[in-house]
Amino acid sequence: MKGRRTMSVEMNELQTLRHSAAHILAQAVKRLFPEAKLTIGPPIDTGFYYDFDVETPFSREDLDAIEKEMKKIVKENLKIERFELPREEALELMKDEPYKIELINELPEGETISFYKQGDFTDLCAGPHVRYTSKVKAFKLLSATGAYWRGDEHNKMLTRVYGTAFFTKDELNEHLEKLEEAKKRDHNKLGRELELFTTSDLIGQGLPILLPKGARIIQILQRFVEDEEQKRGWQLTKTPLMAKSDLYKLSGHWDHYKEGMFVLGDEEKDKEVFALRPMTCPFQYQAYLNRGRSYRDLPMRLNETSTLFRNEASGEMHGLIRVRQFTISEGHLMCTPEQLEDEFKGCLELVQYMLQTLGLYEDVSFRFSQWDPDNREKYIGTEEQWNEAQDTMKKILDHLGLEYKIGIGEAAFYGPKLDIQIKNVHGKEDTLITIQIDQMLAEKFGMEYVDRDGKKKNPYIIHRTSIGCYERTLALLIEKYAGAFPTWLAPVQLKLLPIADRHLDYTYEVKKKLEENGIIRIEIDDRSEKLGFKLREAQLEKVPYMIVIGDKDIEKGAVSVRSRKNGDMGSMPVDDFIKMIKEEIDTKQR
RNA sequence: GCUGGUAUAGCUCAGUCGGUAGAGCAGCUCAUUCGUAAUGAGCAGGCCGCGGGUUCGAGUCCCAUUACCAGCUCCA
């Protein structure tokens, strides 16, 4: 929390500038499109936006014209003045702006109703703003998209114009360059270029094909995760990918998650209807229910590398980050109330270890995802149950000293979550990992254990992932490392580059020796190309090590090593290189 | 699902006013056997996303559809 106050002051000045930029945008739109209706236009992390209700959405040409008009307004150096009005007069002033009237009517009694006026433009606004339009020197309009009024899909879709603004032109240009850089790191572009994955029109949306290199990385991650989970007392299950609707009716999915499921069959016509699983919970519960359990069986930690299917709406898919079929490092832990805190901590420690090893820990933030009491139909359970579950979770989080923000309405339908959030290269935040406490499903499924006192009780259940969903994690790793994976993760760890054909025999000898030492992700480039050409290609493929083999190396029984990161490392005995790379792989160096 | 945009060779892109398809890179063949980021020459490569329509004629115009991109909604 330290330092945040000073940060927020700096941010406020920038936000004020951007907020004023949004007003200048609205003024320009009103001048060029008088029939446009105003709604809201706040500053955001990366700039600002303003939502308009217009007959036809703005085209790129419209944006260019609007931007030109904005520059004029800046040049006019209009004074930005605040004034206040009583409610009646405020409504009269805004009589042609239905959205503003809606906003005014919602202001509580006694609230100040303030306006900001600059030249021919006046907007309902709490402020603050810069004093003159000329202060807004460095700005750019970026895009026009659709956005629902008040973020509700049942409302009308408005036209949102995004822009950004900075104090100086240099800062603006730097920001625009960063946006360009981000495009190059985008997993969806880089992942295809590096042949990690592809998609096919015939297979469909949200169903990526992992190519050999991408599948290799996921295999490495999966082995790492499963081994680490086993070390920490988790037991692997393999449960079916589909089940009868009966299972989901019991779990609550049928009532609360059916939209998100692929249902096989027709309830009207077929005797039995199946559905592909969107979550693993009810399946692993059946493993728990295999026989009667006692407190001696607890905690029971069940993990599974679990493929899930979710019928996401068509506009929601994105590369490997949002897909319809994915595989997750899933797990469910059944324990007694006394064990809950320690077990939760254990789950968190596993996650932290994973994220630290992958190098993603510095990029994540925590979110305590709670239910929305105003939206009861989204959830199972009673208010008492929710309050109890959230209190329990809050206590644990506070004991752990975690810094977190609260997400109202972000809970699962069966319980609150600790979500570990990460931003992609474009700044869009997604959940990477989740740890949840569930007091409701055990009861629904009749999961019990016999306690010391001989009484039957429902266990607490922790739902968790340890590395999250493999596809999404891979996406974040591609962006984190710009495709240059640490050697332990690299799909091809080294390339052997013989200079001429007469070096081939020795090259195969070196390959064999490496393989005998467990270094097996090797390629040989035996094409009759010049060394520089082979090196360039290997470098562009982001292979960690390039091993050059020529006369000098054969003479000395050595290899010439070039690292992706540091360039030419000179000649070294084969054994020395093996020792070096093994050490790097074994310690999972970044 | 909603709003907008895009779709031409494996990739990046050009293609004028509607007149029958073009480049660079990659690929293949040949020559070259080379020491730390591109050797040269030649060849081949296209149902212009898919389906309709308008037209004498459609890569180009219209409609529909699929996929991709940005955003909204939703979500791991």
Side-chain angles (χ1 to χ4, degrees), chain A residues 49 51 54 56-60 62-63 142-162 183 186 188-189 192-193 195 198-207 257 259-260 278-279 306 308 310-319 321-323 326-330 369 409-410 412 417 419-422 426 428-434 463 465 468-473 475 497-504 526-540 546-553 560-564 567-571:
Chain A
Y49 68 80
D51 286 347
V54 282
T56 35
F58 299 131
S59 64
R60 185 62 243 183
D62 292 335
L63 286 191
L142 298 173
S143 59
T145 65
Y148 299 109
W149 168 236
R150 314 206 122 171
D152 185 335
E153 61 180 321
H154 303 294
N155 288 342
K156 185 165 185 188
M157 180 152 278
L158 308 168
T159 295
R160 173 171 298 179
V161 177
Y162 278 102
K183 272 189 204 160
D186 187 330
N188 207 1
K189 185 172 159 54
R192 289 170 195 269
E193 275 171 16
E195 299 196 312
T198 185
T199 48
S200 155
D201 284 12
L202 285 173
I203 291 178
Q205 255 196 316
L207 298 167
Y257 206 83
E259 290 292 289
M279 299 180 194
S306 183
L308 304 179
R310 295 187 186 175
N311 192 6
E312 306 290 353
S314 62
E316 284 159 6
M317 262 69 73
H318 171 58
I321 285 186
R322 195 76 185 278
V323 291
F326 54 95
T327 299
I328 193 165
S329 54
E330 181 91 278
S369 297
E410 302 284 357
K417 310 191 285 179
D419 288 325
I420 301 182
Q421 303 293 106
I422 191 159
H426 302 298
K428 189 173 163 119
E429 186 178 286
D430 271 300
T431 302
L432 188 62
I433 284 168
T434 178
H463 304 232
T465 68
C469 143
Y470 287 97
E471 291 83 351
R472 183 174 285 186
T473 301
L497 311 178
I499 290 174
D501 289 351
R502 65 177 179 282
H503 308 126
L504 263 174
D526 59 2
R527 295 172 304 171
S528 64
E529 295 290 349
K530 287 168 76 174
L531 179 63
F533 182 81
K534 295 185 186 185
L535 282 169
R536 178 184 154 81
E537 282 205 347
Q539 194 79 40
L540 291 174
M546 289 145 270
I547 306 301
V548 176
I549 292 170
D551 292 335
K552 289 182 229 162
D553 303 288
S560 295
V561 179
R562 180 189 165 98
S563 98
R564 170 183 69 196
D568 194 351
M569 295 171 75
S571 164

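The figures here come from the full heavy-atom set of this structure, side chains too, leaving out hydrogens, waters and symmetry mates. Note on naming: letters A, B, ... go to the chains in the order of the sequence lines (proteins, then strands), and numbering restarts at 1 for each one.
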Non-neighbouring partners of A:Asp419 that pass salt bridge (charged side-chain N to carboxylate O under 4.0 Å, His left out), sequence neighbours left out = A:Arg367, A:Lys417
For A:Glu312, all residues meeting salt bridge (charged side-chain N to carboxylate O under 4.0 Å, His left out), sequence neighbours excluded | A:Arg322
Whether [X] contacts [N] is assessed here as follows: a side-chain N or O lying under 4.0 Å from the phosphate OP1 or OP2. Is that the case?
{"X": "A:Arg527", "N": "B:G27", "result": "yes"}
{"X": "A:His463", "N": "B:A76", "result": "no"}
{"X": "A:Lys183", "N": "B:A70", "result": "no"}

With heavy atoms under 4.0 Å as the rule, sort [X] into base, sugar-phosphate or nothing.
{"X": "A:Arg472", "answer": "base"}
{"X": "A:Gln205", "answer": "sugar-phosphate"}
{"X": "A:Ser314", "answer": "base"}
{"X": "A:Ile321", "answer": "base"}
{"X": "A:Lys189", "answer": "nothing"}
{"X": "A:Gly260", "answer": "nothing"}

How many Å lie between [atom1] on [X] and [atom2] on [N], as a whole number?
{"X": "A:Lys156", "N": "B:U73", "atom1": "NZ", "atom2": "P", "value": "18 Å"}
{"X": "A:Glu193", "N": "B:G10", "atom1": "CD", "atom2": "C1'", "value": "13 Å"}
{"X": "A:Arg192", "N": "B:U12", "atom1": "CZ", "atom2": "C1'", "value": "15 Å"}
{"X": "A:Glu316", "N": "B:A70", "atom1": "CD", "atom2": "P", "value": "14 Å"}

Nucleotide of [options] approaching [X] most closely (side-chain heavy atoms):
{"X": "A:Tyr162", "options": "B:G71, B:G1, B:C75", "value": "B:G71"}
{"X": "A:Asp430", "options": "B:C72, B:C75, B:A70", "value": "B:C75"}
{"X": "A:Glu153", "options": "B:U73, B:A70, B:A76", "value": "B:U73"}

Report the C-alpha distance between A:Asp186 and A:His426 in whole Å, list the side-chain angles of each, state the deciding distance to 0.1 Å, and finish with yes or no for side-chain contact (heavy atoms from CB on, under 4.5 Å).
-> CA-CA 8 Å; A:Asp186 187 330; A:His426 302 298; 2.8 Å; yes
Return the pairing partner of [N] with a 3.5 Å limit on both distances, Watson-Crick or G-U wobble; otherwise return none.
{"N": "B:A38", "result": "none"}
{"N": "B:C2", "result": "B:G71"}
{"N": "B:C61", "result": "B:G53"}
{"N": "B:A26", "result": "none"}
{"N": "B:C47", "result": "none"}
{"N": "B:A14", "result": "none"}

For [N] versus [M], give the span between their [atom1] atoms, rounded off to a whole number of Å.
{"N": "B:G51", "M": "B:A37", "atom1": "C1'", "value": "47 Å"}
{"N": "B:A41", "M": "B:A23", "atom1": "P", "value": "15 Å"}
{"N": "B:C74", "M": "B:G1", "atom1": "C1'", "value": "10 Å"}
{"N": "B:C30", "M": "B:G46", "atom1": "P", "value": "22 Å"}
{"N": "B:G22", "M": "B:C47", "atom1": "P", "value": "15 Å"}
{"N": "B:C34", "M": "B:U12", "atom1": "P", "value": "37 Å"}
{"N": "B:G18", "M": "B:A58", "atom1": "C1'", "value": "6 Å"}
{"N": "B:U55", "M": "B:G19", "atom1": "C1'", "value": "12 Å"}

Answer yes or no: does atom CD of A:Glu193 have more than 12 heavy-atom neighbours from other residues, nucleotides or ligands under 6.0 Å?
-> yes
Using only heavy-atom distances, decide whether a donor-acceptor pair under 3.5 angstrom links the side-chain of [X] to the base of [N].
{"X": "A:Arg322", "N": "B:C74", "value": "yes"}
{"X": "A:Gln421", "N": "B:A76", "value": "no"}
{"X": "A:Tyr148", "N": "B:G71", "value": "no"}

Check: protein-nucleotides 29-39 of chain B nitrogen or oxygen pairs below 3.5 Å:
unit_1 : atom_1 : unit_2   : atom_2 : d
B:U32  : O4     : A:Ser528 : OG     : 2.5
B:U33  : O2     : A:Asp501 : N      : 3.1
B:U33  : N3     : A:Asp501 : OD1    : 3.3
B:U33  : N3     : A:Asp501 : OD2    : 3.1
B:U33  : O4     : A:Asp501 : OD2    : 3.1
B:C34  : OP2    : A:Arg502 : NH1    : 3.1
B:C34  : OP2    : A:Arg502 : NH2    : 2.9
B:C34  : N4     : A:Ser528 : O      : 3.3
B:G35  : O6     : A:Asp551 : N      : 2.7
B:G35  : O6     : A:Lys552 : N      : 2.6
B:G35  : N1     : A:Asp553 : OD2    : 2.8
B:G35  : N2     : A:Asp553 : OD2    : 3.1
B:G35  : N2     : A:Ser560 : OG     : 2.4
B:U36  : O2'    : A:Arg562 : NH1    : 3.3
B:U36  : O2     : A:Arg562 : NH1    : 3.4
B:A37  : N7     : A:Arg562 : NH2    : 3.2
B:A38  : N7     : A:Arg536 : NE     : 3.3
B:A38  : N7     : A:Arg536 : NH1    : 3.0
B:A38  : N7     : A:Arg536 : NH2    : 3.4
B:A38  : N6     : A:Arg536 : NH2    : 2.4
B:A38  : N1     : A:Arg536 : NH2    : 3.1

Is the shortest side-chain N to carboxylate O distance from A:Glu537 to A:Arg527 below 4.0 Å?
-> yes
Whether A:Arg562 side chain and A:Asp568 backbone form a donor-acceptor pair below 3.5 Å | no
Using a 4.5 Å cut-off on heavy atoms from C-beta on, say whether the side chain of [Y] contacts that of [X].
{"X": "A:Leu535", "Y": "A:Leu531", "answer": "yes"}
{"X": "A:Ser306", "Y": "A:Ile328", "answer": "yes"}
{"X": "A:Arg564", "Y": "A:Gln539", "answer": "yes"}

